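On a predicted model such as this, the values are computed, not experimentally measured, just so you know. Quick note on labels: first sequence line is chain A, next is B, and so on, each numbered from 1.
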Number of protein chains: 2
Amino acid sequence: MTTTDETRPARPAGRPRSAKAERAIIEATLDLIGERASLSELSIEAVAARAGVGKTTIYRRWSSKEDLVVDALATLKAPLPPLEGRSVRADLAAYLEVVGREACDVRGRCVMNIAMNETDRHPQLVERIRQAVIRPRQEALRALLLRGIETGELRPDLDLPVAMAAVVGSMIWYVKSTGSGEGGEPAEDVVERMVDHLMAGLAPR
Amino acid sequence: MTTTDETRPARPAGRPRSAKAERAIIEATLDLIGERASLSELSIEAVAARAGVGKTTIYRRWSSKEDLVVDALATLKAPLPPLEGRSVRADLAAYLEVVGREACDVRGRCVMNIAMNETDRHPQLVERIRQAVIRPRQEALRALLLRGIETGELRPDLDLPVAMAAVVGSMIWYVKSTGSGEGGEPAEDVVERMVDHLMAGLAPR
DNA sequence: TCGTTGCGAAACTAGAGCGTATCGAAACAG
DNA sequence: CTGTTTCGATACGCTCTAGTTTCGCAACGA
């Protein structure tokens, strides 16, 4: 047994890496992805400049732009709203609230931008994002709708794939097309109006 | 009166410009916008290469990238479906069919990509696109919904902005999230299912 | 104190794209 | 035929950015 035992966490000699710099790099990366909407426009130079950091510090930690992006997106752990315990309607509102807020937020748009635009050029990155972020949400929504069918709050003959797209797409398109909420949040009554509409549909009762 | 009368369309001497080259340039531009999703990634070099054309031929016709893009997008004259005369439900289906097909098509995505991603960097270009392409469609949809309210086919208390976003957003999100129709068209029954759902809503009757 | 490693800044090489110029060939008018 | 203009191709100088390397200093353990 030497003194550098493997029970010791192998603290390497020398100056330790700055956690602050690392956080700044991640933040800058997320900001820039949200603004630029495309990975090839994301330059390491720009990240370094915005983070107030030398390029060396970035290249020392991540060997490629894609690695950096993966790590950065991983910190957006896609907070799902608490969906259990209340009425299906209330849970739906909570779900829409999150969707709406993220569609407004620069950060929230990161995931959507990449998932929608980079399928051709970075298929495996997109697949990782789908698995980590999008799928869980889709499943949560599916479970929510199924619960509603069971409790009788929703139509028993729902077309699930179509219904799921309608819930998410309506909110996102509303935010995008009205340009509402460049200030970070959509108007406060939008969620209620959206739930009302989604529940009732277009046809008269 | 000289022989070069202004009644003559002033045909200039020399070899006339090739209409074929012009078409090839426009086509290449649209393809690349659809693929790249961002204007700054659109290079004149790439357009020339894909069109099989010298750069000179492009610069001779358009003085800037933005001019070229405007002309290219103008050829996509956003065919609105015939919306009059049938039932509101049938017109809604026709509307959704166009939206769905364009969400699948590389060309159709040009407009959406630019309108959604370039607002910050090319505000006036985006505004021109909104005026020329997006507004007319929104107005057509609004008129369609209002007509439905008048005829009693739709709820009289519709929340119009929300309803419009729901119609368009549902279809687009369905195509995007299911990845259906990379082959140019969504599954054929999607439109009917979507109309059914939009009319009926989530709640039981 | 000394050795090691991280830090930001700056210099450097390489490549991509831009806009222009030039080339010989081709397509028109007269 | 002559003169004019466009054609695709190629080359040029320029700028911008990427990714690497170098530098002097800072922060740690021993």
Side-chain angles (χ1 to χ4, degrees), chain A residues 1-29 32-33 35-69 71-72 121-122, chain B residues 1-29 31-33 35-69 71 121-122:
Chain A
M1 289 279 191
T2 67
T3 43
T4 60
D5 203 359
E6 72 266 12
T7 58
R8 195 118 47 96
R11 169 77 149 84
R15 176 175 174 172
R17 295 189 174 175
S18 157
K20 189 169 71 174
E22 189 149 334
R23 248 180 290 118
I25 294 169
I26 297 280
E27 297 288 310
T29 304
L32 289 173
I33 295 176
E35 290 173 13
R36 298 295 157 95
S38 134
L39 282 197
S40 37
E41 289 177 272
L42 179 74
S43 76
I44 299 291
E45 305 244 10
V47 173
R50 179 170 302 210
V53 144
K55 283 194 289 180
T56 337
T57 309
I58 299 180
Y59 285 115
R60 192 176 294 120
R61 293 156 204 262
W62 295 277
S63 55
S64 77
K65 196 156 66 179
E66 187 157 324
D67 285 354
L68 169 59
V69 170
D71 274 14
R121 282 173 291 181
H122 303 274
Chain B
M1 290 276 192
T2 68
T3 43
T4 60
D5 203 359
E6 71 268 11
T7 58
R8 193 115 51 93
R11 168 79 149 84
R15 176 175 176 172
R17 295 190 174 175
S18 157
K20 191 169 68 172
E22 188 149 334
R23 249 180 289 118
I25 294 169
I26 297 281
E27 296 286 311
T29 304
D31 282 348
L32 289 174
I33 295 176
E35 292 174 13
R36 300 295 158 95
S38 135
L39 283 196
S40 40
E41 289 177 271
L42 179 74
S43 75
I44 300 289
E45 305 245 4
V47 173
R50 178 168 305 207
V53 144
K55 282 194 292 178
T56 332
T57 309
I58 299 180
Y59 284 114
R60 193 175 292 120
R61 291 165 159 80
W62 295 278
S63 56
S64 77
K65 193 156 68 179
E66 188 156 323
D67 285 354
L68 169 58
V69 170
D71 274 15
R121 282 173 289 180
H122 304 273

In whole Å, what is the span from the CD1 atom of Ile58(B) to the P atom of dA9(D)?
12 Å

In whole angstrom, give the distance that lies between atom OH of Tyr59(A) and atom C1' of dG19(D).
4 Å

Given dT6(D), is OP1 or OP2 found less than 4.0 Å from the side-chain N or O atoms of Arg17(B)?
yes

Write down the distance between CD1 (Ile25(B)) and C1' (dG8(D)), rounded to a whole number of angstrom.
11 Å

May I ask you to verify if any side-chain N or O of Ser18(A) is less than 4.0 angstrom from the OP1 or OP2 atom of dG6(C)?
no

Atom CD of Glu45(A) to atom P of dC12(C): distance rounded to whole Å?
15 Å

Between CD1 on residue Ile26(A) and CD1 on residue Ile58(A), distance to nearest 0.5 Å:
9.5 Å

Arg61(A) CZ - dC7(C) C1' separation (whole Å)
9 Å

Does any non-hydrogen side-chain atom of Ile44(B) lie less than 4.5 Å from one of Tyr59(B)?
yes

With distance as the sole test, does Thr57(A) use its side chain to make a donor-acceptor pair with the main-chain N or O of Val53(A) at under 3.5 Å?
no

Output the rounded distance in Å from CZ (Arg15(A)) to P (dG24(D)).
17 Å

For Thr56(A), report the nucleic acid contact type (base, sugar-phosphate, nothing); a contact means any heavy atom under 4.0 Å.
base

Sidechain N-carboxylate O distance under 4.0 Å for Glu35(A), Arg50(A):
yes

Residue pair Glu41(B), Arg121(A): steps toward the salt bridge (Lys or Arg N to Asp or Glu O under 4.0 Å) verdict:
CA-CA 13 Å; Glu41(B) 289 177 271; Arg121(A) 282 173 291 181; 2.6 Å; yes

Listed nucleotide nearest any side-chain atom of Val53(B), set dC7(C), dG8(D), dC7(D)
dG8(D)

Would one find a side-chain N or O of Arg60(B) under 4.0 angstrom from OP1 or OP2 of dG8(D)?
no

Picking from dT6(D), dG19(D), dG17(C), the nucleotide nearest the side-chain atoms of Ser43(B) would be dG17(C)

Quantified as the angle between the terminal helix axes (five pairs each), what is the overall bend of the helix from dT1(C)-dA30(D) to dG30(C)-dC1(D) to 10 degrees?
20°

Using whole Å, report how far CG of Leu42(A) lies from C1' of dT17(D).
13 Å

Between Glu45(B) and Lys55(B), is there a salt bridge with N-O shorter than 4.0 Å?
yes

Taken to the nearest 0.5 Å, the spacing of Glu66(A) CD from Asp71(A) CG works out to 11.5 Å

Is any N or O donor-acceptor pair between the side chain of Lys55(A) and the base of dG8(C) shorter than 3.5 Å?
no

Rounded off to whole Å, could you give me the CZ-to-P distance for the Arg36(B) and dA16(C) pair?
13 Å

